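First the structure, in the form of structure tokens, and then the observations on it.
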Number of protein chains: 2
Amino acid sequence: MAPGLQAELKQKTPFTSRQQEAYLALLRTADALQSSMESKLKEFGLTGTQYNALRILRGAGPEGLPCSEIGERMITHDPDITRLLNRLEQRGLVERIRDQHDRRVIYGKITTAGQKLLREMQEPIEKYGKEMLRHVSQPELQKLIDLLELVRCGRKV
Amino acid sequence: MAPGLQAELKQKTPFTSRQQEAYLALLRTADALQSSMESKLKEFGLTGTQYNALRILRGAGPEGLPCSEIGERMITHDPDITRLLNRLEQRGLVERIRDQHDRRVIYGKITTAGQKLLREMQEPIEKYGKEMLRHVSQPELQKLIDLLELVRCGRKV
DNA sequence: CGAGATTAGTCGTCACGACAAGTACTTGTC
DNA sequence: GACAAGTACTTGTCGTGACGACTAATCTCG
């Protein structure tokens with residue numbers, strides 16, 4: 001049994017199952033990486049959620065994307081797109097466009113200011129992401145990716 | 001290159017690095033498992049944070065724990081213990097005790113009602129956690145745990 | 001002893017997520 | 001054409017996280 005996580009948590013009782021140990025390790029590791037990345041993103045005045053949304057909109061091209069589509073593509077599904085777009089719109093990074101055919105639909109679209117910001121961030125952020133995992137070898141990364149996909153795809157809905 | 005996560009995210013551009021792919025896979029997998037567990041915890045009227053805090057306090061024994069200690073042991077470090085304890089205290093699941101010697105320190109302590117709730121939850125919650133990962137073999141779980149620990153312990157602070 | 005630094009916790013504010021209720025619009029059916 | 005059902009988004013509320021200002025108590029050092 002690996003004593004690492006138990007020591008971190010200072011738990012006196014051992015894990016009741018390997019599954020629970022993996023679950024906790026997963027949450028803590030994701031939180032550690034995410035917190036680290038959030039602090040880096042803060043230098044550019046964006047939160048992780050905002051950066052994620054901007055990248056999705058940039059990838060969507062000039063037509064933009066309906067709010068519902070944005071929500072589905074976010075790392076964390078079903079966030080509150082309305083208010084997320086509000087904040088980004090106030091800062092001039094995205095704009096809203098109402099669909100001409102179906103007037104219920106509102107498209108979010110990245111502005112040139114938003115694209116400029118993303119361009120400036122790209123190199124340092126990608127470098128930072130690589131740095132966070134620089135001590136993990138390529139084969140280990142691949143193994144981790146495969147295992148995570150196994151966990152995710154076959155999980156209980 | 002495993003196409004799985006790319007397909008999920010509907011991203012047109014490939015990952016710029018294996019590190020980035022691993023990072024995103026980690027966040028999405030953790031979110032999926034956590035969301036699933038949160039929905040189960042909701043049946044008992046607790047959020048994940050509250051359940052986590054209660055378990056920490058139960059593990060701490062009858063003396064309880066100072067707020068700062070609770071914060072350090074949480075899965076997500078440094079949450080707002082004051083208001084978390086407020087909500088749990090309102091529901092009678094924990095109580096606060098001021099340290100006699102150092103009157104700055106306040107101990108959080110689980111009540112009998114809190115212990116009773118945890119006892120009722122334990123069996124179904126543990127079962128649910130195992131179910132979530134039932135399709136992952138024991139050696140795979142162990143490999144995943146080891147890889148996660150590698151990622152976590154050597155990461156950039 | 002007493003001023004200043006430190007520590008533990010509290011509180012205000014903002015940004016998320018989750019959920020539920022509400023509104024505007026479209027579609028299916030008659 | 002009109003009404004019911006469904007869809008897409010908006011809004012209100014609650015529970016976190018993140019940050020920072022603030023208070024109370026303790027410690028350090030002259």
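Predicted model, so just to flag it, every value in this text is computed and none were measured. Every chain is numbered from 1, with letters handed out A, B, ... down the list of sequences.
Following rounding to the nearest Å, B/Leu85 (CG) and D/dG15 (P) show an atom-to-atom distance of 14 Å. The distance between atom CD1 of A/Ile70 and atom C1' of D/dC9, rounded to the nearest whole Å, is 12 Å. Note: CD (A/Gln90) to P (C/dC14) measures 11 Å, nearest angstrom.
Applying the under-4.5 Å side-chain rule to Ile, Leu, Val, Met, Phe, Trp and Tyr, the cluster around B/Val105 extends to B/Ile97, B/Tyr107. Cluster partners of A/Ile106: none. The rule joins Ile, Leu, Val, Met, Phe, Trp and Tyr whenever side-chain heavy atoms lie under 4.5 Å apart, and it links nothing here.
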Report task. Test side-chain hydrogen bond (donor to acceptor under 3.5 Å, both in side chains) on B/Gln90 and B/Asn86 and set out the steps. Result -> CA-CA 6 Å; B/Gln90 276 171 17; B/Asn86 282 346; over 6 Å; no
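Fit an axis to the five pairs at each end of the helix from C/dC1-D/dG30 to C/dC30-D/dG1 and the two axes sit 10° apart, to the nearest 10 degrees.
For B/Met121 against B/Leu46, the heavy-atom pair with the smallest separation is SD-CD1, 3.6 Å.
Applying the salt bridge (charged side-chain N to carboxylate O under 4.0 Å, His left out) test to residues at least two apart or on different chains, the pairs with a partner in residues 37-50 of chain A are A/Lys40-A/Glu43.
In this model, the phosphate group of D/dT10 is approached by a side-chain N or O of A/Arg96 to a distance below 4.0 Å at OP1 or OP2.
For C/dG12, the base has a donor-acceptor partner in the side chain of B/Arg83 [N/O atoms by modelled type, under 3.5 angstrom].
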Please write out the pairs of protein N or O atoms and N or O atoms of nucleotides 24-26 of chain D separated by less than 3.5 Å, giving the distance to one decimal.
from, atom 1, to, atom 2, distance (Å)
D/dT26, OP1, B/His101, O, 3.4
D/dT26, OP1, B/Arg103, N, 3.1

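Across all strands shown, A/Ser68 has heavy atoms under 4.0 Å from sugar-phosphate atoms exclusively, and none from any base.
Against DNA chain C, the stretch residues 42-51 of chain A makes heavy-atom approaches under 4.0 Å through A/Thr47, A/Thr49, A/Gln50.
Between the side chain of A/Arg134 and the main chain of A/Glu131, a donor-acceptor pair closer than 3.5 Å is present.
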